[in-house]
Colleague: 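Here it is, the structure in full.
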Amino acid sequence: MNKILLYVFSLCIVLPLHSKAQGYTMDLPRLKTFPPYQVDQEKRSFVASWEAQDNSVARSVIAYVGVERIVDRDGVQGVLETTVKGDASLFGDACKSLGINAFVHDYMTGQGWYMRMGHVSAKGLVLKSDASLPQDWAPVLMSPVFDVSHDGGKFTVRFTATVLDSKPGEVVTLVVRHWADRRGTAMEEKVVELIADGQAHEYLVACSRGMNNENVSIQAGVMGTTVLLSGDIKIEQRLKKGDRVWHSVALTQMSRPAGTDFTKINEQGVKVDTMEVSASFGAQNVLDYKAHQRKGWRLFYTLFQLVAAEDGVSTRASLYSDPVYFGE
């Protein structure tokens, strides 16, 4: 059995400004999935399984672990929310580097958020860019994957930012970007001009063309500046009673070379492919389904598969499998 480390989706995707999403042709059949087993909350691991596929084809299988809820009222409400706490072990204006890539669940209330080239202070997460590096290496905060397919795909991103360091008279910006459409449409980008007075200000960014597998990033738009993200980050949408909304708390990808066989017969007598999924870099309670239930969410996993298309550039993909739930 192949043991896979569970990553947030953004780890695999490092995109410069004006990037385009890789083209997807969603013509593969849904995978038929089965309930998770060998769930170990302490080790944050479980086994995912799905009805066996043709192993003569090289393919990747991505497993999302997420939480969902059914909306109980009409109106604008949160789809994905977190509060940035910072690092309480730091003092004053001290700032600690998080390295090239880092999960940030220790510094906020939400799970599945990720930073590249990030820093943290006692006050929050810091986008501290190096003017000697190219724009592609601008610090960025990346969200989990989430669903904003309702209300015609219109949604908003709300956050609080403080400009801590910039050149006199320099226009400081952040770039808010989301995937918009994985099937080939250019990513939607919004450039936000910040008020550079050293005070915290809240910003609201309106987005469109939202889908059910979105990913939002907040990236420094000007190299050589320092911006603090603090307080609440909220992704909101107008929803109707009965809508299903969800977001990931972690995910993984298993690449399977052609001819590799991971099959077994499950308890139902069905031939299945399996993989052991380990959330060793995730938050401590990522698989604690009871903790998620207390907050009004159901914990689930879902799969989709990818294979390279004949053109060698685009990818053939399936729709998500039906979710299967932990502890149910």
Colleague: Which value, rounded to the nearest 0.5 Å, describes the distance between Arg69 atom CZ and Gln77 atom CD?
Modeller: 5.0 Å
Colleague: Considering non-hydrogen atoms only, spot the tightest contact between Tyr301 and Pro35 and give its length.
Modeller: CE2-C, 4.3 Å
Colleague: Inspect the surroundings of CD in Glu42 and state if more than 12 heavy atoms from other residues, nucleotides or ligands are less than 6.0 Å away.
Modeller: no
Colleague: Report yes if some heavy atom in the side chain of Pro36 is under 4.5 Å from a heavy atom in the side chain of Val47; otherwise report no.
Modeller: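 Heavy-atom side-chain distance check fails, nothing below 4.5 Å.
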Colleague: Could you identify which residues cluster with Ile70, counting Ile, Leu, Val, Met, Phe, Trp and Tyr as linked when any side-chain heavy atoms lie under 4.5 Å apart, either directly or through a chain of such contacts?
Modeller: none
Colleague: Rounded to the nearest 0.5 Å, what separation is found between the CD atom of Glu267 and the CZ atom of Phe34?
Modeller: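 Those atoms lie 11.5 Å apart.
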Colleague: Does Val249 reach the side chain of His105, with side-chain heavy atoms less than 4.5 Å apart?
Modeller: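 No, every pair of side-chain atoms sits at 4.5 Å or beyond.
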Colleague: Check step by step if side chain to side chain contact (heavy atoms under 4.5 Å, CB included) holds for Trp246 and Val145.
Modeller: CA-CA 9 Å; Trp246 68 273; Val145 179; 3.9 Å; yes
Colleague: Answer yes or no: does atom NZ of Lys240 have more than 12 heavy-atom neighbours from other residues, nucleotides or ligands under 6.0 Å?
Modeller: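 Not more than 12 within 6.0 Å, no.
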Colleague: What distance separates Thr225 OG1 from Leu164 CG, expressed to the nearest 0.5 Å?
Modeller: 9.5 Å
Colleague: Any chain of hydrophobic side-chain contacts (each under 4.5 Å) joining Val277 to Val272?
Modeller: no
Colleague: Side-chain donor-acceptor pair under 3.5 Å between Asp232 and Thr83, yes or no?
Modeller: yes
Colleague: Calculate, to the nearest 0.5 Å, the distance between atoms OG and OH belonging to Ser143 and Tyr114 respectively.
Modeller: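 Nearest 0.5 Å value for the OG-OH distance: 13.5 Å.
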Colleague: Can a donor-acceptor pair be found, under 3.5 Å and without considering hydrogens, that links the side chain of Ser321 to the backbone of Leu303?
Modeller: yes
Colleague: Tell me the closest heavy-atom pair linking Leu306 and Ala317, and the distance in Å.
Modeller: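 Smallest interatomic distance, heavy atoms only, reads CD2-CB, 3.5 Å.
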Colleague: Using the ring centroid of each side chain, check whether Tyr107 and Trp113 are separated by less than 6.0 Å.
Modeller: no
Colleague: Please find out if less than 6.0 Å separates the ring center of Phe304 from that of Trp50.
Modeller: no
Colleague: Please find the pair of heavy atoms, one from Ile195 and one from Val163, that lie closest to each other, and give the distance.
Modeller: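 Nearest heavy atoms, Ile195 then Val163: O-CG2, 3.8 Å.
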Colleague: Under 3.5 Å, is there a donor on one side chain and an acceptor on the other for Thr173 and Glu193?
Modeller: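 Absent: no donor and acceptor within the cut-off.
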Colleague: Is there a path of hydrophobic side-chain contacts, each under 4.5 Å between heavy atoms, that joins Leu80 and Val216?
Modeller: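 Yes, same cluster.
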Colleague: Show every salt bridge (charged side-chain N to carboxylate O under 4.0 Å, His left out) that has at least one partner inside residues 221-231, sequence neighbours left out.
Modeller: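 Non-adjacent pairs meeting salt bridge (charged side-chain N to carboxylate O under 4.0 Å, His left out): zero.
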Colleague: Is the side chain of Ser149 donor-acceptor paired with the backbone N or O of Met211 at a distance under 3.5 Å, no angle test?
Modeller: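 Absent.
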Colleague: Are any side-chain N or O atoms of Gln305 and backbone N or O atoms of Pro29, one a donor and one an acceptor, separated by less than 3.5 Å?
Modeller: yes
Colleague: Should we say atom CD1 of Ile100 is surrounded by more than 12 heavy atoms from elsewhere, each under 6.0 Å from it?
Modeller: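 Not buried by this count: 12 neighbours or fewer within 6.0 Å.
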Colleague: Taking side chain as C-beta onward, heavy atoms only, is Arg59 less than 4.5 Å from Gln53?
Modeller: yes
Colleague: Within 45° of the ring axis of Trp137 and under 6.0 Å from its six-membered ring centre, is that where the NZ or CZ of Arg116 lies?
Modeller: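 The answer is yes, since Arg116 meets both limits relative to Trp137.
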Colleague: Please report the C-alpha distance between Tyr203 and Val157 in whole Å, then the side-chain angles of each, then the deciding distance to 0.1 Å, and finally whether the side chain to side chain contact (heavy atoms under 4.5 Å, CB included) criterion is met.
Modeller: CA-CA 8 Å; Tyr203 299 89; Val157 181; over 6 Å; no
Colleague: Whether the side chain of Thr109 engages the backbone of Thr82 through a donor-acceptor N/O pair (distance < 3.5 Å, no angle test) should be reported.
Modeller: no
Colleague: Determine, using the 4.5 Å side-chain heavy-atom cutoff (strictly less than), whether Val307 and Tyr320 are members of one ILVMFWY cluster.
Modeller: no
Colleague: Looking at residues at least two apart in the chain, or sitting in another chain, which of them share a side chain to side chain donor-acceptor pair (under 3.5 Å) with Asp72?
Modeller: none
Colleague: If we only count heavy atoms from C-beta on, is the Asp93 to Lys123 side-chain gap below 4.5 Å?
Modeller: yes
Colleague: Can you list the steps and then say if Val79 with Phe155 is a side chain to side chain contact (heavy atoms under 4.5 Å, CB included)?
Modeller: CA-CA 9 Å; Val79 172; Phe155 67 99; over 6 Å; no
Colleague: Would you list the pairs meeting salt bridge (charged side-chain N to carboxylate O under 4.0 Å, His left out) in which at least one residue belongs to residues 76-86, sequence neighbours left out?
Modeller: none
Colleague: Using a strict cut-off of less than 4.0 Å between a Lys/Arg side-chain nitrogen and an Asp/Glu carboxylate oxygen, indicate whether Asp273 and Lys264 qualify as a salt bridge.
Modeller: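 Not counted as a salt bridge, because no side-chain N and carboxylate O are separated by less than 4.0 Å.
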Colleague: Under 3.5 Å, is there a donor-acceptor pair between the Glu188 and His178 side chains?
Modeller: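 A pair is found: one side chain offers a donor N or O, the other an acceptor, under 3.5 Å apart.
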Colleague: Side chains of Gln253 and Val61: does their closest heavy-atom pair fall under 4.5 Å?
Modeller: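 No; the side chains remain at least 4.5 Å from each other.
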Colleague: Would you say the side-chain atoms of Thr302 pair up with the backbone N or O of Val324, donor to acceptor, closer than 3.5 Å?
Modeller: no
Colleague: Tell me yes or no: between the side chains of Gln111 and Asn285, is some donor less than 3.5 Å from an acceptor?
Modeller: yes
Colleague: Just jot down the side chain to side chain donor-acceptor pair (under 3.5 Å) partners of Glu68, sequence neighbours excluded, or say none.
Modeller: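 For Glu68, the residues satisfying side chain to side chain donor-acceptor pair (under 3.5 Å) (neighbours in sequence not counted) are Arg244, Arg298, Tyr325.
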Colleague: Ignoring hydrogens, what is the shortest heavy-atom contact between Ser49 and Thr274? Give both atom names and the distance.
Modeller: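 Answer, listing the atom of Ser49 first, then Thr274: CB-CG2, 3.8 Å.
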Colleague: Which of these passes ring-ring contact (aromatic ring centres under 6.0 Å, His included) with His247: Trp297, Phe300, Phe146?
Modeller: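 It is Trp297, the one option of Trp297, Phe300, Phe146 that forms the ring-ring contact (aromatic ring centres under 6.0 Å, His included) with His247.
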Colleague: CD/Gln293 to NZ/Lys290 distance, rounded to the nearest 0.5 angstrom?
Modeller: 8.0 Å
Colleague: Is any side-chain heavy atom of Arg256 less than 4.5 Å from a side-chain heavy atom of Asn55?
Modeller: yes
Colleague: Only pairs at least two apart or in different chains count here, so list each side chain to side chain donor-acceptor pair (under 3.5 Å) that has a residue in residues 156-171.
Modeller: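 Listed by first then second residue: Arg158-Glu202, Arg158-Glu236.
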Colleague: Taking Gly99's backbone N and O only, do any of them form a donor-acceptor pair with Ser97's side chain (distance below 3.5 Å, no angle check)?
Modeller: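 Answer holds: yes.
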Colleague: Are Met115 and Val126 grouped together when hydrophobic residues (ILVMFWY) are joined by side-chain heavy atoms under 4.5 angstrom apart?
Modeller: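 Different clusters.
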Colleague: Going by heavy atoms in the side chains, are Val71 and Val245 under 4.5 Å from each other?
Modeller: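 Yes, side chains in contact.
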Colleague: Hey, could you give me the CG/CZ distance between Leu299 and Phe46, rounded to the nearest 0.5 Å?
Modeller: 8.0 Å
Colleague: Looking at every non-hydrogen atom in both residues, tell me the closest pair between Val205 and Val176 and how far apart they are.
Modeller: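 For Val205 versus Val176, the nearest heavy atoms are CG2-CG2, 4.0 Å.
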Colleague: Backbone N or O of Arg44 within a donor-acceptor pair of the Asp40 side chain at under 3.5 Å?
Modeller: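 No: the side chain of Asp40 does not pair with the backbone of Arg44.
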Colleague: Within the side chain of Glu51, is there an N or O that forms a donor-acceptor pair under 3.5 Å with the backbone of Lys32?
Modeller: no
Colleague: Does a salt bridge link Asp27 with Arg316, judged by any charged N lying under 4.0 Å from a carboxylate O?
Modeller: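 Looking at Arg316 together with Asp27, the answer is yes, because their closest N to O distance falls below 4.0 Å.
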Colleague: Does atom CG (Asp74) have a neighbourhood of more than 12 heavy atoms from anything else shown, all under 6.0 Å?
Modeller: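 More than 12 within 6.0 Å, yes.
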Colleague: Is there side-chain contact between Phe159 and Leu174, with at least one heavy-atom pair below 4.5 Å?
Modeller: yes
Colleague: Hey, quick one: are Ile62 and Leu28 part of the same hydrophobic cluster, counting side-chain heavy atoms closer than 4.5 Å, chains of contacts allowed?
Modeller: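 No, it is not one cluster - the side chains of Ile62 and Leu28 are not joined through contacts under 4.5 Å.
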Colleague: Is Lys154 salt-bridged to Asp151, cutoff N-O under 4.0 Å?
Modeller: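 Between Asp151 and Lys154 there is a salt bridge, with a charged N closer than 4.0 Å to a carboxylate O.
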Colleague: Looking only at heavy atoms, what is the nearest atom pair of Gln219 and Gln135, with distance?
Modeller: NE2-O, 3.9 Å
